[in-house]
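Here, residue 1 is the first one in the sequence, and each next residue gets the next number. Please read all numbers here as calculations on a predicted model, not as lab measurements. Counting starts at 1 for both ligands and their atoms, following the listed order.
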Amino acid sequence: MPTILGQNQYGKAENRVVRVTRDGDTHHIKDLNVSVALSGEMEDVHYSGSNAHVLPTDTTKNTVFAFAKEHGIESAEQFGIHLARHFVTSQEPIKQARIRIEEYAWDRIATSDANSRFIGSDEVNHSFVRRNQEIRTAQITFDGEKWQVISGLKDLTVLNSTNSEFWGYVKDKYTTLKEAYDRILATDVSARWRYNWTSDEQRMPNWEKSYEQARKHMLHAFAETYSLSLQQTLYQMGSRIINSRSEIDEIRFSLPNNHHFLVDLEPFGLKNDNEVYFAADRPYGLIEGTVLRDGVEPQIPVDMTNL
Ligand SMILES: O=c1[nH]c(=O)c2[nH]c(=O)[nH]c2[nH]1
């Protein structure tokens, strides 16, 4: 049977680059995991083994580290833009570059009481503690003309200990769930949002500010929504971001419902007045959805877990 080559891409995955910027005694760090995927005129290497069009994956790795020195890392998005532009414009056979980045945030360690970090007086200039689990993500794609930037975060764990209900749902012969009028609502937010910045002609968003603001709106909407379902909360979080940030047109969420079940303490003669819960880790409800600015076409993939 004759065969032909289909979609293909190559590059170095998971380049772990840590960039220290020294401002006198005060150091700043950016900690990234950068994956490069290049595609273009790569038929020959697959069909005949000719490497004439192949920039080695080893070189793509070196470029990541060299660019960390040469350009610094202002933001994950800006760093990805430098890299994508470089690969597409410097190598004729390369027609598209996709850069995926995870960023791990670090906080400064404060050496006196906990409040000092707000005052800033006792922060150690060069000692950091990794910020819980939350990971920032960015995917930058460039085809020589058009940009697509999808930023996001994952593992942002949030919980409301009240203001959440779930009732009025469909009941069939397999339904045992009791209606809840005051429950815990908890999830690990995974979100990806797409910028409407697509060309060098447009003014580039301030990536750091935009990330902070998107995260803030998401958290505020989670906290402020009196929730009748996680689906409703998802939509509130998404629409708050779209309505507040003109540079973002689309946002997709994947929200596990981290169930907290009230423990029956009757056998011990104790009343459980919404105080003691069993935090189940699986199975979990998985609520996913996209919120779009009216009139725009969705572009974030339905299964965005690899982004
Ligand atoms: O917020 C919820 N949405 C659901 O669709 C659902 N289904 C369920 O069993 N519990 C919940 N909670």
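Contact annotation for Leu185 and ligand 1: no heavy atom of the residue comes within less than 4.0 Å of the ligand. Residue contacts with ligand 1 for Arg183 involve side-chain atoms from C-beta outward but no N, CA, C or O (heavy atoms, distance under 4.0 Å).
With 3.5 Å as the limit, one finds no donor-acceptor pair spanning the side chains of Tyr169 and Glu179. Using modelled atom types, one finds no donor on one side chain facing an acceptor on the other under 3.5 Å when comparing Asn62 with Thr59. Ser227 and Thr233 are linked by a side-chain donor-acceptor pair at a separation below 3.5 angstrom, with hydrogens and angles left out of the test. With hydrogens and angles left out, the side-chain atoms of Gln96 and Asp143 include no donor and acceptor closer than 3.5 Å.
Taking distance alone, with nitrogen or oxygen atoms compared against 3.5 Å, Leu230 approaches ligand 1 more closely than that limit. Remark: ligand 1 and Gln231 share an N or O pair separated by less than 3.5 Å (distance only, no angle test). Polar contact with ligand 1: absent for His259 (N/O pair, distance under 3.5 Å).
Ranking the protein heavy atoms by distance from atom 6 (C) of ligand 1 puts Phe166 CZ, 3.2 Å first. In terms of protein heavy-atom proximity, atom 9 (O) of ligand 1 is nearest to Leu177 CD2, 3.6 Å.
Atoms of ligand 1 found under 4.0 Å from any heavy atom of Ser229 (numbered from 1 in listed order, with element): 1 (O).
With a 6.0 Å cutoff to the six-membered ring centre and a 45° limit on the axis angle, Lys209 does not count as a cation-pi contact of Tyr211.
With a 6.0 Å radius and a threshold of 12 heavy atoms from other residues, nucleotides or ligands, Lys171 has its NZ atom above the threshold.
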